[in-house]
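What follows is a short report on a single structure.
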Amino acid sequence: MVLLHRIEAKWRKAWETAKIFEADPDPKRKKCFVTFPYSYANGPLHVGHAFTATRVDAYARYKRMQGYNVLFPWAWHWTGQSIAGASERVKSGDKAFIKALREIDGVPEQELRKLVDPTYMASYYTNENRETTRRAGFSIDWRREFNTTSPIFSKFIEWQYKKLREKGYVVKGTHPVVWCSKCKSPTGDHDRQEGEGVTPEEYVLIKFKYEGKYLPAATFRPETIYGATNIWVHPNADYAEVEVDGERWIVSEKAAKKLEEQKRKVKTVRSLKGKVLIGKEVTNPVTEEKHMIFPAWFVDVAHATGVVYSVPAHAPLDWLALRDLKQSPTSMKKFGIKPQEVEKIQPVSMISVEGFGEFPALEIIDRLGVKDQCDPRADEATKLLYKKEFHGGVLKDICGKYAGKRVQGVKEVLINDFKEGNIADTMYDLPEPVVCRCLTPCIVKVLEEQWFLKYSDLKWKEKVKEALQNANVYPETAVPWFLSTIDWLKERPCARKSGLGTPLPWNKEWIIDTLSDSTIYMAFYTIIKQIRQRRITPEQLTPAIFDYIFYGKGETEAIASISKLDRRILESIRNEFLYWYPVDMRNSGKELIPNHLTFFLFHHAALFPRKLWPQIIGANGMLMIEGKKMSKSKGNWITFRNVIEEFGADSTRCALLLGAEGMDDPDWRSESVRDIKDKLESFYRLAEIIIGEAENEEFGWIEKWLFSVLQKKAKIVTDSIESLKTRTALETALFEVWNDFRWYTRRKGDLKAKALREALNVWIRLLSPFAPHICEELWEKVEGKGFVSLAEWPEYDVNLINPLAEESENLVKSILEDTLSIIRATKLTPTKIYLYTATEWKWEVYQKALSTSGEGMPISQSDLMKTLMKREEMKKKASKVARFSGQIVNEINRMGKNRREELHSIGPLDEAALLLEAKSFLERELKAEIVVFKEDDDHKFDPENRARLAKPFRPAIYVK
RNA sequence: GCGGGGGUUGCCAAGCAUGGUUAAAGGCGUAGCCCUGAGGCGGCUAUCCCGCAGGGGUUCGUGGGUUCAAAUCCCACCUCCCGCACCA
């Protein structure tokens with residue numbers, strides 16, 4: 001462990017001193033620009049960040065070794081309200097929060113009290129996390145670091161917004177939000193004490209006419225108005241007559257207050273109790289029928305208007321309430337209702353739905369056995385029927401112009417028609433209570449003068465889809481998710497009134513939404529270095545300058561003089577942008593697909609020409625901790641810093657990458673990190689031995705074999721990293737290659753060949769994107785000069801592929817395995833093992849069979865025989881040939897085409913020679929004498945008559 | 001509800017887009033042996049079941065189907081996880 005830490009510190013320093021990760025434009029080299037979504041500076045980096053970032057770094061390092069001029073920059077996200085919120089919690093002395101800071105984040109006491117200042121908090125974590133990032137060994141160009149509240153960055157964001165507005169992508173409008181009247185701000189999910197996931201719902205209010213006024217009854221099912229039979233109000237609740245936008249409405253008092261928050265002009269005229277309304281009549285604005293107002297205790301005045309209309313045929317609660325009412329004539333008298341008024345009310349059927357008769361509500365009540373309106377199953381019945389009728393319902397003849405239409409299809413149309421005819425209005429409300437963390441019940445507020453990004457714009461969406469198609473997405477399974485997100489996105493509010501960030505350029509009291517800071521900021525990385533080096537001030541960064549840099553717009557000379565900039569500087573910045581852009585690879589957690597990554601595409605599509613759109617987009621799973629989701633409250637929060645200190649950077653990086661790829665969620669287990677650490681240490685020791693022992697120039701079969709399989713492994717690693725399959729890549733580079741080295745060592749019996757050291761040289765390079773420090777140290781030992789970080793990536797070399805060598809080793813391996821299997825099955829302890837290699841004519845038959853089945857069609861034994869019998873020598877032993885060909889036809893047919901071609905191209909093996917070569921190895925392994933015969937050797941020892949079982953690639957065995 | 005991704009041999013996890021070389025990579029764990037003063041590390045062997053000859057049998061969520069051949073293709077079902085907006 002000490003060793004690993006020492007190595008890591010050494011190379012971290014060496015890289016920084018040599019500045020090898022600082023990337024400047026170089027027209028002679030291909031470039032590669034990779035980015036990681038900057039982390040939010042309200043806490044320490046955790047192992048989840050580490051997983052995603054390590055994937056980016058491994059890719060960056062791999063590309064750099066391939067000769068690309070790689071730029072991997074890093075920055076810090078300070079904007080938004082989380083940091084403000086967090087320091088607020090410190091200020092207010094939130095005990096649990098402070099405890100977490102102290103114990104999980106490891107904030108020292110003297111720093112803790114300074115965190116009441118949000119800017120201080122952001123810079124505190126930025127410093128912490130920068131150090132963590134350094135220790136992780138990420139190959140970052142630090143000259144381009146910035147945070148998102150810097151004045152220069154703000155200028156860039158302002159430019160972005162001006163452009164978007166010019167293109168009509170930023171629009172003004174209103175928007176309903178869950179609102180806390182005490183905090184005077186929207187109450188997001190994380191700010192809630194109660195009501196997680198609850199969003200404002202739009203209710204349709206059917207305006208029943210009542211004495212020159214309106215009684216607006218709230219519903220989600222306005223189509224049922226054709227089945228209305230009466231109105232329900234709560235007799236004991238408080239209602240009010242109010243003036244709403246010039247009309248007289250009667251709604252609950254609570255509803256009146258809510259409407260005020262929803263951009264309506266509301267003036268209370270008088271208060272009244274619900275019972276005042278009972279027994280009165282209203283007019284159905286659609287059917288012009290008269291309905292009486294009845295009392296109902298299920299009506300909740302805290303919900304929408306506190307007025308509902310009754311559709312007993314299709315709404316279980318309405319039917320139940322009506323039935324309850326009919327059964328208690330006394331209560332009706334109390335309200336002055338004649339029992340016959342209730343008696344005469346019959347359900348009106350107006351939706352036909354499969355599986356139900358005239359009155360679905362009645363049927364479903366029977367089926368579920370609902371007792372009365374207080375029975376909790378009443379709710380279940382309502383939901384069930386609603387779903388049924390919505391998806392499968394058709395409106396009946398009494399439904400006017402909507403008759404015969406499906407409920408699902410006609411609903412929107414009907415609502416619009418009703419609104420236009422002043423039959424209906426709408427209001428927002430919360431379907432379930434929401435309580436703010438400050439314990440205030442929330443309401444819905446319609447925010448005015450809200451600014452929106454018009455993600456609903458169909459032309460924009462089309463362009464984004466092009467951008468998506470233009471990019472390679474890894475894994476590909478993420479594509480449908482992107483597509484559905486693009487389709488689903490609507491107007492999105494893009495400015496808030498609180499938190500850190502850039503004010504809207506045309507309305508400074510609004511602050512630009514934090515997610516807009518992360519859409520095209522990669523372009524900023526390409527220019528910040530020079531802006532800083534040239535000491536350009538924020539004031540100089542006018543929109544015209546950005547237009548020039550990003551679009552090449554305008555006369556260089558003129559633009560330069562207005563901003564008091566040297567023309568050459570301006571050109572140089574423009575060129576640097578053009579050199580690095582587009583983004584070649586951006587990778588993030590999959591949870592950012594529905595927001596950040598899609599917005600990233602939206603804004604690029606809107607602001608940049610096609611050739612500057614992103615090239616590769618990667619998404620990965622969410623890190624789990626010992627099988628559970630990481631969360632501070634569960635206490636399984638693991639910081640990146642801590643694991644680096646405990647296990648070392650290389651072990652951490654490898655353990656993370658070996659966890660998962662694609663969109664699978666990797667699992668962090670401390671046990672497996674320890675294993676990886678041991679593995680790396682043991683790899684290090686093995687490498688040292690190989691380096692130390694290399695002395696001779698041998699390059700025999702086994703060396704050829706090693707280099708051949710190494711090529712294949714290099715190819716797998718290369719192809720895998722290329723498509724961001726980092727797990728496969730590392731698994732191959734570490735374990736699979738290791739197994740090849742093991743087999744070599746075992747076969748060879750020593751580590752003295754210089755060729756082995758050459759192979760190690762390749763191995764170190766294959767591993768270095770993943771475990772860069774340890775590989776750097778070994779590179780120094782094996783190569784003596786330069787950085788492995790800049791060494792040439794081992795490309796697959798087809799000239800080193802040696803099928804014959806591989807097949808020879810396969811032969812030795814399978815002899816060893818088969819013999820062991822025989823020993824196991826027979827429980828013999830052999831003293832002598834006889835091997836019999838197949839005779840020549842069998843090889844001829846075998847080759848013939850391989851070649852005639854070349855086209856991938858199965859061969860038949862009879863066809864094979866026909867071909868073979870053309871030759872006299874074969875005819876002479878026709879029965880033997882027939883028996884043998886029968887044995888191999890199936891086996892060959894079952895091979896893939898490639899395998900057949902490969903075996904055919906190798907031709908007959910000199911198995912006897914190969915086995916003699918491997919004799920001492922086999923004797924060592926099997927602890928018995930090995931004797932090799934040819935099948936047709938007349939002097940062979942073959943008491944069990946096994947020799948005749950020999951087949952090509954499969955010598956017969958006799959164990960004694 | 002809508003949308004997305006999964007269910008593989010003790011565990012983690014490949015394979016599935018291009019069906020056959022797959023009882024199914026690799027890692028971990030477990031057992032035996034070797035190495036070592038001991039431990040760790042390392043090496044070998046085994047690890048679905050059966051087997052005194054390299055073999056046989058039964059497997060890849062469940063149930064059907066296509067095919068000479070299916071973990072891989074088709075259909076239905078069961079089941080787990082994730083996202084759903086003013087939060088980053």
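Throughout, a chain's letter reflects where its sequence line sits, starting with A, and its residues are numbered from 1.
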### Query
So what does A:Thr187 touch, heavy atoms closer than 4.0 Å: a base, only the sugar-phosphate, or nothing?
sugar-phosphate
### Message
Whether A:Arg747 engages the ring of A:Phe921 as a cation-pi pair (distance to the six-membered ring centre under 6.0 angstrom, angle to the ring normal within 45°) should be assessed.
### Response
yes
#### Entry: Distance, rounded to the nearest Å, where A:Ile486 contributes CD1 and B:rC84 contributes P
17 Å
### Message
Quiz question: by atom type and distance under 3.5 Å, do the side chains of A:Thr174 and A:Gln450 form a donor-acceptor pair?
### Response
no
#### Entry: Between B:rA53 (P) and A:Asn945 (CG): distance, integer Å
17 Å
### Message
Mind checking if A:Ile676 touches a base, just sugar-phosphate, or nothing, with heavy atoms under 4.0 Å?
### Response
nothing
## Note on the structure
Whole-Å distance, A:Lys725 NZ to B:rA17 P, equals 12 Å
### Query
Which of the following nucleotides, B:rG5, B:rC82, B:rA53, is nearest to the side chain of A:Tyr958?
B:rA53
### Message
Taking any heavy-atom pair under 4.0 Å as a contact, classify A:Pro666: base, sugar-phosphate, or nothing.
### Response
nothing
### Message
Using the side-chain hydrogen bond (donor to acceptor under 3.5 Å, both in side chains) criterion, which residues pair with A:Lys960? Sequence neighbours excluded.
### Response
none
### Task
Please work out if A:Ser484 contacts a base, only the sugar-phosphate, or nothing of the nucleic acid, heavy-atom cut-off 4.0 Å.
sugar-phosphate
#### Entry: Nucleotide paired to B:rA46 in any strand shown, Watson-Crick or G-U, under 3.5 Å
B:rU30
### Under 4.0 angstrom between A:Arg954 side-chain N/O and B:rG55 OP1 or OP2
yes
Polar atom pairs between nucleotides 28-32 of chain B and protein, under 3.5 Å, N or O only, would you list them?
from: B:rC28; atom 1: OP1; to: A:Lys679; atom 2: NZ; distance (Å): 2.3
from: B:rC28; atom 1: O3'; to: A:Asp675; atom 2: OD2; distance (Å): 3.3

### Task
Would you classify A:Glu925 as touching base, sugar-phosphate or nothing, given that sugar-phosphate means primed atoms plus P, OP1 and OP2, and contacts are heavy atoms under 4.0 Å?
nothing
### Query
When we call it a touch if two heavy atoms are under 4.0 Å apart, what does A:Asn595 touch: a base, just sugar-phosphate, or nothing?
base
### Query
Base, sugar-phosphate alone, or nothing: which one does A:Arg824 contact when heavy atoms must sit under 4.0 Å apart?
sugar-phosphate
### Message
On the nucleotide B:rG42, are OP1 or OP2 found under 4.0 Å from the side-chain N or O atoms that A:Arg746 carries?
### Response
no
#### Entry: Nearest-0.5 Å distance that lies between atom CD1 in A:Ile617 and atom OH in A:Tyr474
11.5 Å
### Given RNA chain B, 5'-ward residue of the pair A:Thr728 and A:Leu820, judged by closest heavy atom
A:Thr728
### Query
Do the numbers put A:Lys590 on top of the ring of A:Trp481, so that NZ or CZ is under 6.0 Å from the six-membered ring centre and no more than 45° off the axis?
no
### Nucleotide forming a Watson-Crick or wobble pair with B:rU9, both distances under 3.5 Å
none
### Task
State whether the distance check finds a donor on one side and an acceptor on the other, under 3.5 Å, for side chain A:Asn42 versus base B:rA88.
no
### Message
Partner lookup for B:rU18, please. Criteria are Watson-Crick or G-U wobble with both distances under 3.5 angstrom; report none if nothing qualifies.
### Response
none
### Query
Does atom NZ of A:Lys927 have more than 12 heavy-atom neighbours from other groups under 6.0 Å away?
no
### Flag if over 12 foreign heavy atoms under 6.0 Å of NZ, A:Lys725
no
#### Entry: A:Lys590 NZ to B:rC84 P, straight-line distance once rounded to whole Å
13 Å
### Query
Can you tell me the Watson-Crick or wobble partner of B:rG54, both distances under 3.5 angstrom?
none
### Message
Taking only side-chain N and O atoms of A:Arg946, does any of them lie within less than 4.0 angstrom of OP1 or OP2 on B:rA53?
### Response
no
### Query
Do other residues, nucleotides or ligands put more than 12 heavy atoms under 6.0 Å from A:Glu626 CD?
yes
### Query
What integer distance in Å separates A:Ile716:CD1 from B:rG26:P?
12 Å
### Task
Look at all strands and tell whether A:Thr199 reaches a base, only sugar-phosphate, or nothing, counting heavy atoms closer than 4.0 Å.
sugar-phosphate
### Message
Using a heavy-atom cut-off of 4.0 Å across all strands, would you classify A:Lys927 as base, sugar-phosphate, or nothing?
### Response
nothing
### Message
Going by purine N1 to pyrimidine N3 plus the second Watson-Crick contact, or the G-U wobble pair, all under 3.5 Å, which nucleotide sits opposite B:rU66?
### Response
none
### Message
To the nearest 0.5 Å, what is the distance between CG on A:Leu734 and CZ on A:Phe683?
### Response
7.5 Å
## Note on the structure
Here the distance between atom P of B:rA17 and atom OH of A:Tyr474, to the nearest Å, is 19 Å
### Message
Categorize A:Glu731 for me: base, sugar-phosphate, or nothing, with a 4.0 angstrom heavy-atom threshold over every strand shown.
### Response
base
### Message
Determine whether A:Lys497 and A:Glu509 satisfy the following criterion, salt bridge (Lys or Arg N to Asp or Glu O under 4.0 Å), listing intermediate values before the conclusion.
### Response
CA-CA 7 Å; A:Lys497 297 240 170 169; A:Glu509 63 196 77; 3.2 Å; yes
### Query
For B:rC2, which nucleotide in any strand shown is its Watson-Crick or wobble partner with both distances under 3.5 Å?
B:rG83
### Task
May I ask you to say what A:Ala495 touches in the nucleic acid, namely base, sugar-phosphate or nothing, with a heavy-atom cut-off under 4.0 Å?
nothing
### Summary
Between CZ of A:Phe600 and C1' of B:rA88 the distance, given in whole Å, is 18 Å
### Query
What is the distance, rounded to the nearest whole Å, between atom CE of A:Met663 and atom P of B:rG6?
7 Å
